[in-house]
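None of these values were measured; they are calculated from a predicted model. Side chains are part of it too, since the values below use all heavy atoms of this structure and drop only hydrogens, waters and symmetry mates.
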Amino acid sequence: MRLLLVVPVLLGTILLVFGMVFLAPGDPISRLAGNKPLSPSTIAVITARYHLEQPFVIQFWEYVKALSHGDFGATFTGRDVSEIIKERFPVTLKLALGAFTVEVVLGLALAIVSAIKRRTWIDSTILVGTLAMITIPTLVVGFVLQYVFGIKLGWLPVAGIQAGWQSYVLPALTLGLGSAAALGRLGRSDILDNMTGEHIRAAHARGLPRRRVIGHHVLKNSLVPIITIFGLDLAYLMGGAVITEAIFNLPGLGQSLIVGVRTSNGPLVVGLVMLSAIIFVFTNLVVDLLCARIDPRISYE
Amino acid sequence: MKGFVKVVVTAVSLVMLAAACSSNTSSGGGATSAEPGAQGGTYSFVNCEPTTLIPHNDYESCGSQVFQGLFTRLVTYDFTTGAPVPAQAESITPSADALTYTIVIKDGWTFHDGEPVTAQSYVDAWNYTAYGPNGYILNFFFDRIEGYDEMNTDKPTVKELSGLDVVDDTTFTVTLKAPFSQFENTLGFDAFDPLPSVFYDDPDAFNEEPIGDGPYMMDGAWKHDETIKLTRYADYAGTPGYADNVELPIYTGDAAWADFQAGNVDITLVGSSHIEEARTAYPDTLSEQPGSTYLFLGLPLYDEKYQSKELRQALSMAVDRQAVMTAILVAETPADDVMPPAIQGYRPGICQYCTLNVEAAQAKLAEAGGFEGPLTLNFYADDQVLEQAMEAVANQWTQNLGIEVKLNPINGNEYFGMTLGKEMTGPWWDGWVMDYPSIQDYLTPLYGKNGGYNVAGYDNPAFDDLMTQGDEAPTLDASIPVYQQGGDMILEDMPVIPWGYIGFNTVHQTSVTNVLKAGPLDVLALELVQVVEPSS
């Protein structure tokens with residue numbers, strides 16, 4: 001049932017994005033050669049190849065038809081969009097997973113520590129620190145990390161992905177720190193809410209060890225909102241890597257999207273946005289199912 | 001050579017490309033300490049993602065930089081004069097009427113896969129590109145050759161240019177539709193590269209690992225958006241490159257500059273956003289040279305308000321180009337001719353209306369009968385540096401001529417549609433990059449009656465006559481004075497206001513030396529770069 005809902009969501013997304021790209025001013029072919037006069041025969045061949053002479057409905061139909069066979073079409077410069085995605089997806093995925101790890105590990109640690117040590121100087125420091133981390137824009141964090149650890153200290157690569165996993169350290173931190181801070185703050189209040197619950201007092205009263213009370217009763221109950229956030233964040237990280245990829249020159253999907261938009265490369269933009277939509281829809285699906293497992297009161301039958 | 005296109009593609013405006021300010025014409029920066037002929041080593045040079053690696057289908061600077069290493073063309077260009085010099089060609093001989101060219105190529109050259117380079121290698125590649133249904137971007141370069149029209153109808157039945165004739169393995173002749181003295185000049189461009197026969201079996205595979213006839217060959221396949229690696233071609237019949245290996249890592253955006261500062265790449269181009277920083281931090285290895293992009297302010301001659309040449313001269317003399325470039329467009333140099341300095345036939349300071357002269361400007365404006373304002377100044381939106389520069393121009397016009405100026409930023413996607421469609425309502429920011437280094441290419445396309453980018457709508461039969469005379473000149477040398485007369489006419493009539501030159505600025509680490517711009521072309525001469533201590 002949930003799966004069936006995915007279809008109209010995706011179709012709507014294509015229609016919307018396709019419409020926007022189609023209505024955008026300017027001629028994509030002229031983009032291929034700037035102000036140079038291409039020969040009429042070249043223009044005619046390219047126009048026919050991408051159905052550019054057809055009305056919107058036909059173009060849309062051709063696209064959906066090809067897409068149903070898994071064909072994302074080709075860019076105006078002749079590359080298969082599927083191939084671009086295949087090549088760039090792993091980069092963005094690695095970046096997103098790296099950032100996600102930063103978020104989960106750092107964010108949960110901050111949440112748990114500040115909740116347990118509530119109203120101490122540790123808690124206050126964390127609260128102020130996370131507030132700063134949320135406020136500073138990704139762009140600034142990225143450039144600062146790049147300058148300090150890449151250029152000045154030379155510990156980590158500045159740009160590109162030539163150096164393997166090390167290339168992803170700074171970008172993942174850049175992308176993950178903000179989310180980690182947000183998670184830390186949200187997790188803290190969530191855990192605190194739970195800690196004051198009746199069942200926790202009961203558990204304490206039963207003489208259960210503190211570790212077990214917090215691990216089993218408090219954290220488990222705090223998981224539903226946190227997992228929901230994880231899901232949204234993972235999808236956001238996949239799509240929100242645009243700035244980070246630009247700063248660190250990572251050849252991922254975000255970077256490709258910028259280029260696509262700038263060059264009016266319709267097929268590329270539609271393909272990439274489609275992919276984001278698919279990822280978003282499916283992560284949410286997984287999150288919903290997970291939540292249902294954790295909390296039996298939630299059900300999606 | 002394709003800088004303008006690159007600018008468009010990256011949708012940053014003109015000023016964002018590497019640009020020149022101080023006219024330091026001694027190229028290569030300070031250090032030239034490597035022993036002459038010292039071979040070996042590996043160096044890296046910042047590049048961008050090419051749209052394709054098939055030279056005949058590519059029209060942007062990221063690709064041309066790669067082709068510079070992969071291919072040796074029939075001609076190359078003299079670094080100082082800009083004149084064509086035979087490279088893979090043994091000789092290129094025009095007939096007396098400049099209509100037929102006999103091209104003899106050097107014997108014993110091979111492609112990177114071992115196949116000999118023959119006359120047929122050229123003719124086949126040219127035919128393939130000229131054949132309309134193949135849809136190759138550089139197709140229009142062949143429309144001067146006899147038989148082009150038959151190959152570019154709706155349903156062409158001919159697949160070969162009738163003007164190409166293979167005489168033997170090393171000789172072929174080219175017959176043009178009309179005399180064209182500059183034909184030899186065009187032959188150093190990507191459109192005229194030879195191709196090995198494996199190309200035709202599978203162009204897509206060729207695109208991933210192209211095979212050329214140049215000093216460097218691909219070292220493994222093109223790693224999209226990551227890097228392109230080249231290695232010296234051992235059996236190269238020309239003068240071999242110095243370095244053993246060349247890496248062309250691919251960058252998008254500003255990360256290249258950060259990586260250069262960290263010492264991770266050896267050479268990079270410097271755009272206007274970092275040029276001042278580079279002048280302080282790397283004074284010894286920074287080289288600033290005017291590139292081949294000619295910037296101008298277009299004028300709508302189709303609008304009756306802009307009919308008077310005195311008005312156009314007044315507008316030109318009322319702006320202080322140097323002041324704007326010192327303060328804002330820091331990486332450009334003011335224009336003083338109808339073309340950039342690296343082109344054969346350039347005359348420094350020939351433009352008499354291109355420097356600030358407020359009194360003369362006011363006199364000319366009075367002669368033109370004043371201007372009914374306001375004047376609309378159009379430029380690309382989304383570029384704050386350019387916007388500042390245009391504001392400065394507007395202020396100067398207001399101050400010096402008393403004309404009210406309205407600034408009108410226009411979306412980059414619509415821009416060329418409006419210039420070509422003659423929809424501009426006032427002066428606009430524009431530029432032209434040559435297709436081949438020739439004075440003719442800075443004149444006919446821009447101001448000729450049928451010029452491909454005559455967006456001003458300039459129509460002057462006397463000018464067209466001069467262009468035809470130049471085309472019909474028996475030799476290149478004889479043609480230049482004729483074209484220069486046409487240039488004089490343009491500088492007098494001012495269908496556009498000459499503005500400046502975008503520079504080709506490089507900076508390098510001390511690990512390399514002999515970093516040179518490839519003459520009039522806006523690419524680095526990859527084969528000339530030397531690694532200082534190649535042993536490592």
Side-chain angles (χ1 to χ4, degrees), chain A residues 24-49 75-80 83-84 87-88 91 143 146-147 150-154 156-163 245-252 255-256 258-259 261-265, chain B residues 2 4-12 49 51-52 57 59-60 131-140 142-143 151-154 156 207 224-227 249-256 258-259 261-264 411-417 419-420 430-433 435 445 452-453 455:
Chain A
D27 170 13
I29 295 180
S30 77
R31 281 286 180 173
L32 295 174
N35 57 2
K36 297 292 179 176
L38 291 183
S39 72
S41 56
T42 308
I43 294 175
V45 169
I46 299 175
T47 306
R49 191 180 295 157
T75 70
F76 289 126
T77 50
R79 289 200 69 205
D80 276 348
E83 204 180 294
I84 295 182
E87 178 190 292
R88 287 173 174 267
V91 176
F143 279 123
Q146 186 181 49
Y147 185 74
I151 298 178
K152 280 292 142 188
L153 297 171
L156 288 161
V158 172
I161 54 167
Q162 299 284 322
E245 288 182 358
I247 298 174
F248 292 98
N249 194 42
L250 300 184
Q255 200 191 50
S256 192
I258 298 184
V259 176
V261 169
R262 278 184 175 168
T263 54
S264 316
N265 207 329
Chain B
K2 304 168 194 165
F4 199 76
V5 177
K6 175 183 170 183
V7 175
V8 174
V9 167
T10 54
V12 188
E49 170 84 355
T51 50
T52 150
N57 196 22
Y59 207 176
E60 41 75 41
Y131 183 58
N134 286 332
Y136 270 26
I137 300 282
L138 300 187
N139 168 289
F140 68 95
F142 294 90
D143 77 344
M151 293 168 79
N152 288 278
T153 56
D154 279 347
N207 182 46
H224 286 276
D225 305 296
E226 270 187 66
T227 189
I250 294 164
Y251 290 83
T252 316
D254 235 15
D259 230 7
Q261 286 179 304
N264 297 335
N411 182 317
N413 282 335
E414 297 172 87
Y415 208 80
F416 293 132
T419 62
L420 284 162
D430 209 339
W432 179 252
V433 182
D435 295 320
Y453 200 65
V455 279

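For chain A, the nearby part of B/Tyr136 is the backbone; its heavy atoms alone come within less than 4.5 Å. Of the two parts of B/Asp259, the backbone and the side chain both hold a non-hydrogen atom closer than 4.5 Å to a non-hydrogen atom of chain A. With a 4.5 Å cut-off on non-hydrogen atoms, A/Val158 touches chain B through its backbone and its side chain both. With a threshold of 4.5 angstrom between heavy atoms, A/Ala44 does not approach chain B through any atom at all.
Under a 4.0 Å N-O distance rule, the pair A/Glu245/A/Arg88 does not qualify as a salt bridge.
Nearest heavy-atom pair, B/Ile250 versus B/Thr227, reported as atom, atom and distance to 0.1 Å: CD1-N, 3.8 Å.
With chain A as partner, the option from B/Thr419, B/Asn152, B/Asn134 having the largest number of non-hydrogen pairs under 4.5 angstrom is B/Asn152. Chain A forms the most heavy-atom pairs under 4.5 Å with one residue out of B/Gly132, B/Ala258, B/Gly452, and that residue is B/Ala258. In terms of heavy-atom pairs under 4.5 angstrom with chain B, the leader among A/Glu87, A/Gln146, A/Arg79, A/Gln255 is A/Arg79. Of the residues considered (A/Ile247, A/Ile258, A/Ile161), A/Ile161 shows the highest number of contacts with chain B, using heavy-atom pairs under 4.5 Å.
B/Thr52 and B/Asn57 form no side-chain donor-acceptor contact under 3.5 Å, judged by distance and modelled atom types alone.
Using bins of under 30°, 30° to 60° and over 60° for the plane-to-plane angle, the ring pair B/Phe140/B/Tyr59 lands in the tilted bin.
The closest side-chain heavy-atom distance from B/Asn139 to B/Tyr131 is not below 4.5 Å. Using a 4.5 Å heavy-atom threshold, the side chains of B/Asp225 and A/Ile84 count as separate.
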